[in-house]
Amino acid sequence: MAKYLLLKHYRGAPAPVNNVPMDQWEPDEVSAHIQFMRDFADRLEESGEFVDAQALVPEGTWVRYDGEGRPPVTDGPFAETKDLIAGWMVIDVESYDRALELAGQLSAAPGAGGLPIHEWLEVRPFYGEPPSTTD
Amino acid sequence: MLDRVAESQWDEPQLRTLVPAVIGVLVRRGAEFAAAEDAVQDALVEAVRVWPDAPPRDPQGWLITVAWRRYLDAVRSESSRRHREVRVEAEPEPAPGEAADDTLRLYFLCAHPSLTPASAVALTLRAVGGLTTRQIAHAYLVPEATMAQRISRAKRTISEVRLTEPGDVTTVLRVLYLVFNEGHSGDIDLAAEAIRLTRQLAAGIEDDEVAGLLALMLLHHARRPARTGTDGRLVPLAEQDRSLWDTRLIAEGVEVLQNALAHDRLGEFQAQAAIAALHADAQTVEDTDWVQIVEWYDELVRLTDSPVARLNRAVAVGEADGPRAGLAALSELNPGLPRYTAAAAYLHERAGDRAMAARLYAQAAAVATNLPERDHLTRRAAQLNAQLRDAL
């Protein structure tokens, strides 16, 4: 088994095919989308492939060390930041192909008009553990 | 045989109710709190293993005996503590009436002001609530090792504390309120656990704010079945199916509150409970006595000067005196307040300005701090935008 991160972006990913802001959808379409996401996580739990899913607030702060005895420097949030992560799902699957298959299913979440959003998701493999047997 | 069946019915939640008294007995015999607490946890594990096949005649006595033995074993294994062992073995048995005091002392200790709120919550759930570290970790979605560390640090912090004078009950109430508001995730229902612990506290102490908090919890808990739709969505108060409200809990909450209010020593929890009681009292949303609710918010603002209370008051004013009055009250507050934008959206919707409301709901969704609220606000924006499209 290998772990993969399916990363969802507020900004920074190529534009999805069905790109309408959520508050412009029909109310039923909003509900259908939320239901799809819940069902998707439930299915992965049942199949034994679910590890974690989290969603992030669309605003964050940049922080860095500013030297001994000084409070850290903070900056942002930057409206112009190119890349803004919206959340992730961690899966533990048999193969890379399975990770792609699941990401494809997740990207088909219904959006405006009840049609798939075709959202771009980033699939990132985790570093694994070194094998115990090396000959 | 009947005895055996009856006694073997001790389930885990019942077992947990014995924990504070047993810790209290050990502490009274001279055990340090941290060591006593560990010993009782060990005894609980043993009880869960042994009781199904060999139920004890006196469950509490059994736990005291086993915990005390575990405690002595632990003390004996540390040679540096040998002098203490001599002292504790000579300690007399507590009188039966002291058990309630022991439990109370434990509440104060676990909510001691030297602890951070998160530590006080964890320690209270373990030592007063009798939950295992694993259960607490699961409820707060942190690794078990992290929660174990938090609890042992908390125990170290209070190891120097000697409760010579009565603690401040408001710190205990704050901890219980935090537990209640955490809701529930995993196999432990934290809201129900908070009610159990507050009920137990109210039984041991004459305090109108303890009663007020208990009433507040009961009245909110009564509405829980109606608060979430079948698909997990948040259902706002105005749209809840009131036939799903638990009338038994409401009746109990109202009674507890009325007894407290009769003493005329008002506090913030009684005021909040009074507002919850007025909502609970309305058969339909139209029956809600908003004028009285605004008066209670005035009291709450007077008692706490809390910006959140002012925000909720503005929404209530919108119901009592119309949305324009609500917006006027809102305009005096800091727009950076949590839920300010959501409240503004709601009041504009009530005032009939759907375009403005839709825009504000979408903005409010972007700054929501939890997903059910974000989804609810997004859905509201979508509903209004759909109505606006249809009206074209």
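Residue numbering restarts at 1 for every chain, and letters A, B, ... go by the order of the sequence lines. Worth knowing before you read on, the calculation uses all heavy atoms, side chains too, and leaves out hydrogens, waters and symmetry mates.
- In this structure, CD in A:Gln24 is found 4.5 Å from CG in B:Asn385, a value given to the nearest 0.5 Å.
- Heavy atoms from other residues, nucleotides or ligands lying under 6.0 Å from CD of B:Gln283 number 12 at most.
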* Are B:Arg379 and A:Ile34 close enough, and set up right, to give a side-chain contact (heavy atoms from CB on, under 4.5 Å), and what steps lead you there? -> CA-CA 10 Å; B:Arg379 206 179 267 120; A:Ile34 292 164; 3.6 Å; yes
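- Of the two parts of B:Ala368, only the backbone, made up of N, CA, C and O, holds a non-hydrogen atom closer than 4.5 Å to a non-hydrogen atom of chain A.
- With rounding to the nearest 0.5 Å, the separation of CG in B:Leu371 from CE in A:Met37 is 10.0 Å.
- Among residues 87-106 of chain A, no residue has any heavy atom closer than 4.5 Å to a heavy atom of chain B.
- Shown here is A:Glu45, whose CD atom has more than 12 heavy atoms of other residues, nucleotides or ligands within 6.0 Å.
- Rounded to the nearest 0.5 Å, atoms CD (B:Gln383) and CG (A:Asp23) are 12.0 Å apart.
- Other residues, nucleotides and ligands contribute over 12 non-hydrogen atoms within 6.0 Å of the CH2 atom of B:Trp290.
- At most 12 heavy atoms of other shown residues, nucleotides or ligands fall within 6.0 angstrom of atom CZ in B:Arg339.
- Note that CZ of B:Arg233 and CZ of A:Arg38 are 10.5 Å apart. Values are rounded to the nearest 0.5 Å.
- Between A:Glu26 and B:Arg389 there is a salt bridge, since a side-chain N of the basic residue sits under 4.0 Å from a carboxylate O of the acidic one.
- The minimum heavy-atom distance linking A:Pro58 with B:Ala366 is given by the pair CG-O, 3.3 Å.
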